[in-house]
S.K.: 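I'd like to ask you about the structure that follows.
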Amino acid sequence: MKIHGRHYRTIWVNDDGWSVQVIDQTKLPFAFETKRLASDDDAADAIKTMVVRGAPLIGATAAYGLCMALRQDASDEALDAAYRKLHATRPTAINLKWALDEMSAAVRNRPRQERVAAAYARAAELCDQDVATNEAIGRQGLKIIEEIAARKKGSQVNILTHCNAGWLACVDWGTALAPIYMAHDKGIKLHVWADETRPRNQGGSLTAYELGAHGVPHAVIADNAGGHLMQHGRVDMCIVGTDRTTANGDVANKIGTYLKALAAKDNDVPFYVALPSSTIDWTIEDGLKEIPIEERSPREITHVMGRTAEGKVVDVELTAPGSPAANPAFDVTPARLVTGLITERGTVPASRQGLLKLFPERA
Ligand code: MRU
């Protein structure tokens with residue numbers, strides 16, 4: 001995607017051939033800065049502190065983290081230790097484990113002297129694959145937006161999204177936002193409601209930043225506004241991303257997604273989830289019981305980052321001083337509330353049968 005006229009991915013290898021550069025998402029939307037990662041510790045720290053976030057980008061960063069660990073020490077023991085360290089950074093997004101497993105498989109059975117080159121080659125492939133997969137998701141989701149636009153006889157299609165599942169959450173394109181970019185580029189009249197997404201405001205800061213940079217008409221709304229807009233016919237479809245989808249089609253995504261799906265069901269608004277197949281956890285079925293939900297710091301609830309009139313970016317306290325806070329970071333939307341899963345291979349009902357139709361090799 002383009003920022004200030006220059007094409008960026010969210011992660012790339014520097015000219016030194018080994019260290020990695022990422023866009024520092026903790027600085028957005030007020031500053032566009034990049035950060036150099038030079039070790040597996042740096043990569044783990046970037047994931048933990050949300051310098052990088054979003055399921056596919058977490059996976060890509062962990063992949064390069066493993067490369068940098070192997071550069072220091074290419075032994076099996078070092079590989080295992082780096083795997084464990086990177087895996088422990090965030091618990092909900094399965095793409096992290098998927099990417100680490102892909103990386104381990106690419107290097108483990110090789111002689112030590114070949115491991116570093118093989119790891120960097122595989123990490124680059126995973127990144128390219130992410131871009132191609134998201135582009136394919138975009139093409140699949142575009143069909144749905146086109147159908148709605150045709151039904152509305154060309155009048156504006158109103159789309160609600162939650163959190164950030166755009167190019168910042170991936171290597172490029174995004175999952176939920178890829179169809180939106182394609183539809184906009186094709187000239188379809190659309191407007192996006194971007195849920196603010198408290199507590200970290202990924203919608204208000206990142207989704208709004210991306211959409212604005214691409215010229216997509218949008219408005220940031222308070223997380224509580226979606227139901228009201230749906231009741232008044234001001235949302236034609238919802239489309240969100242996911243951090244882990246079970247083999248039965250239950251969907252874990254940023255906290256608050258479930259409430260949007262409930263409101264969508266009550267108002268007959270189609271609720272779509274866009275995902276690369278690397279987000280499907282084929283080993284589990286019941287999302288509510290089996291998906292680990294990340295608990296983050298209460299400080300994300302009690303404080304918020306913002307910019308003052310003087311242009312200073314500061315953290316301010318929001319809640320009654322001393323009030324305890326709880327911060328579950330994800331929730332699970334049961335498959336019955338999901339209209340369809342948009343994957344790189346097509347769109348299917350959120351069910352085991354639906355997924356197996358697209359991925360028969362998983363039967
Ligand atoms: O906590 P975050 O910002 O990593 O959460 C991100 C989300 O919930 C996204 O919707 C999800 O990772 C899908 S990204 C394509």
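In this text, all values refer to a predicted model and were calculated from it rather than measured experimentally. Quick note: numbers below take in every heavy atom, side chains included, and nothing from hydrogens, waters or symmetry partners. Each ligand, and each atom within it, is numbered from 1 in the order the structure gives.
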S.K.: Do N253 and T242 have side-chain atoms, one donor and one acceptor, less than 3.5 Å apart?
M.R.: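 No, T242 and N253 have no side-chain donor paired with an acceptor closer than 3.5 Å.
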S.K.: When you compare the side chains of T207 and N164, does any donor N or O come within less than 3.5 Å of an acceptor on the partner?
M.R.: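 Checked: T207/N164 side chains pair up, N/O donor to acceptor below 3.5 Å.
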S.K.: Give the atom numbers and elements of ligand 1 that come within less than 4.0 Å of a heavy atom of A165.
M.R.: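 In order of number, 14 (S), 15 (C).
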S.K.: How far is atom 14 (S) of ligand 1 from the closest protein heavy atom, and which atom is that?
M.R.: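 Nearest protein contact, heavy atoms only, for atom 14 (S) of ligand 1 is A169 CB, 3.6 Å.
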S.K.: If we count only N and O atoms by modelled type, under 3.5 Å, do the side chains of D195 and T197 hold a donor and an acceptor together?
M.R.: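 On atom types as modelled, these side chains do not qualify, holding no pair under 3.5 Å.
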S.K.: For the residue pair Q25 and R53, confirm or rule out a side-chain donor-acceptor distance under 3.5 Å.
M.R.: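 Distance-only check passes for Q25 and R53.
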S.K.: Do any heavy atoms of P56 fall under 4.0 Å from ligand 1?
M.R.: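 Yes, that is the case, since the closest heavy atom of the residue is under 4.0 Å from the ligand.
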S.K.: Nearest 0.5 Å please: distance from the OG1 atom of T92 over to the CG atom of D243.
M.R.: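 Spacing of OG1 (T92) from CG (D243) equals 6.5 Å.
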S.K.: Within the 3.5 Å criterion, strictly below it, is a donor on S39 or D41 matched to an acceptor on the partner's side chain?
M.R.: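 Per modelled atom types, S39 and D41 side chains form no pair under 3.5 Å.
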S.K.: If we only count N/O pairs under 3.5 Å, is H162 in contact with ligand 1?
M.R.: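 No; every N/O pair is 3.5 Å or more apart.
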S.K.: To check your reading of the model: name the closest protein heavy atom to atom 5 (O) of ligand 1, its residue, and the distance in Å.
M.R.: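 Checked against all protein heavy atoms, atom 5 (O) of ligand 1 sits closest to K254 CE, 3.3 Å.
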S.K.: State the atoms of ligand 1, each with its element, that fall below the 4.0 Å cut-off from a heavy-atom position in M50.
M.R.: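 Listed by number with element: 1 (O), 2 (P), 3 (O).
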S.K.: Between atom CG of L355 and atom OG1 of T343, what is the distance when rounded to the nearest 0.5 Å?
M.R.: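 Separation between the atoms: 8.0 Å.
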S.K.: Counting only heavy atoms, which portion of N164 has something under 4.0 Å from ligand 1: side chain, backbone, both, or neither?
M.R.: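 It is the backbone that touches ligand 1; the side chain stays farther off.
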S.K.: So which protein heavy atom does atom 7 (C) of ligand 1 come closest to, and at what separation?
M.R.: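 For this ligand atom, the closest protein heavy atom is D243 OD1, 3.3 Å.
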S.K.: Can you find an N/O atom of R90 closer than 3.5 Å to an N/O atom of ligand 1?
M.R.: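 N/O-N/O distance under 3.5 Å: yes.
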S.K.: Using a 4.0 Å cut-off to any heavy atom of Q202, which atoms of ligand 1 qualify?
M.R.: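 It comes down to these atoms of ligand 1: 1 (O), 2 (P), 3 (O).
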S.K.: Under 4.0 Å from a heavy atom of A55: give me the atoms of ligand 1 that qualify, with their elements.
M.R.: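 Selected atoms, number and element: 12 (O), 14 (S).
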S.K.: With a 4.0 Å heavy-atom cut-off (strictly under), which part of T279 contacts ligand 1: side chain, backbone, both or neither?
M.R.: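 Neither; nothing of T279 gets under 4.0 Å from ligand 1.
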S.K.: For ligand 1, which atoms sit closer than 4.0 Å to a heavy atom of C163?
M.R.: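 Near C163, the atoms of ligand 1 are 5 (O), 6 (C), 7 (C), 8 (O).
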S.K.: Compare all side-chain heavy atoms of T302 with those of T319 and state whether any distance is below 4.5 angstrom.
M.R.: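 T302 vs T319: side chains touch.
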S.K.: Side chain to side chain contact (heavy atoms under 4.5 Å, CB included), that's the test. Do L337 and L262 meet it? Break it down for me.
M.R.: CA-CA 7 Å; L337 299 179; L262 279 176; 3.8 Å; yes
S.K.: Measuring from the heavy atoms of R200, does anything fall under 4.0 Å of ligand 1?
M.R.: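 For ligand 1, residue contact (heavy atoms, under 4.0 Å) with R200 is absent.
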S.K.: In the protein, which heavy atom is nearest to atom 9 (C) of ligand 1, and how far is it?
M.R.: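 Checking every protein heavy atom, the shortest distance to atom 9 (C) of ligand 1 gives N253 OD1, 3.5 Å.
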S.K.: Need the ligand 1 atom indices (1-based, order shown) with element for anything under 4.0 Å from a heavy-atom of C170.
M.R.: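 Near C170, the atoms of ligand 1 are 15 (C).
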S.K.: Between T34 and Q21, do the side chains contain a donor N or O and an acceptor N or O under 3.5 Å apart?
M.R.: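 Yes - a donor-acceptor pair under 3.5 Å links their side chains.
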S.K.: One pair to check against side chain to side chain contact (heavy atoms under 4.5 Å, CB included): L177 and H214. What are the steps and the verdict?
M.R.: CA-CA 11 Å; L177 296 194; H214 199 87; over 6 Å; no
S.K.: Is G54 close to ligand 1, meaning an N/O of one under 3.5 Å from an N/O of the other?
M.R.: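 N/O-N/O distance under 3.5 Å: yes.
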S.K.: Identify the protein heavy atom lying closest to atom 15 (C) of ligand 1, giving its residue, its atom name and the separation to 0.1 Å.
M.R.: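 Ranking protein heavy atoms by distance from atom 15 (C) of ligand 1, first comes T175 OG1, 3.0 Å.
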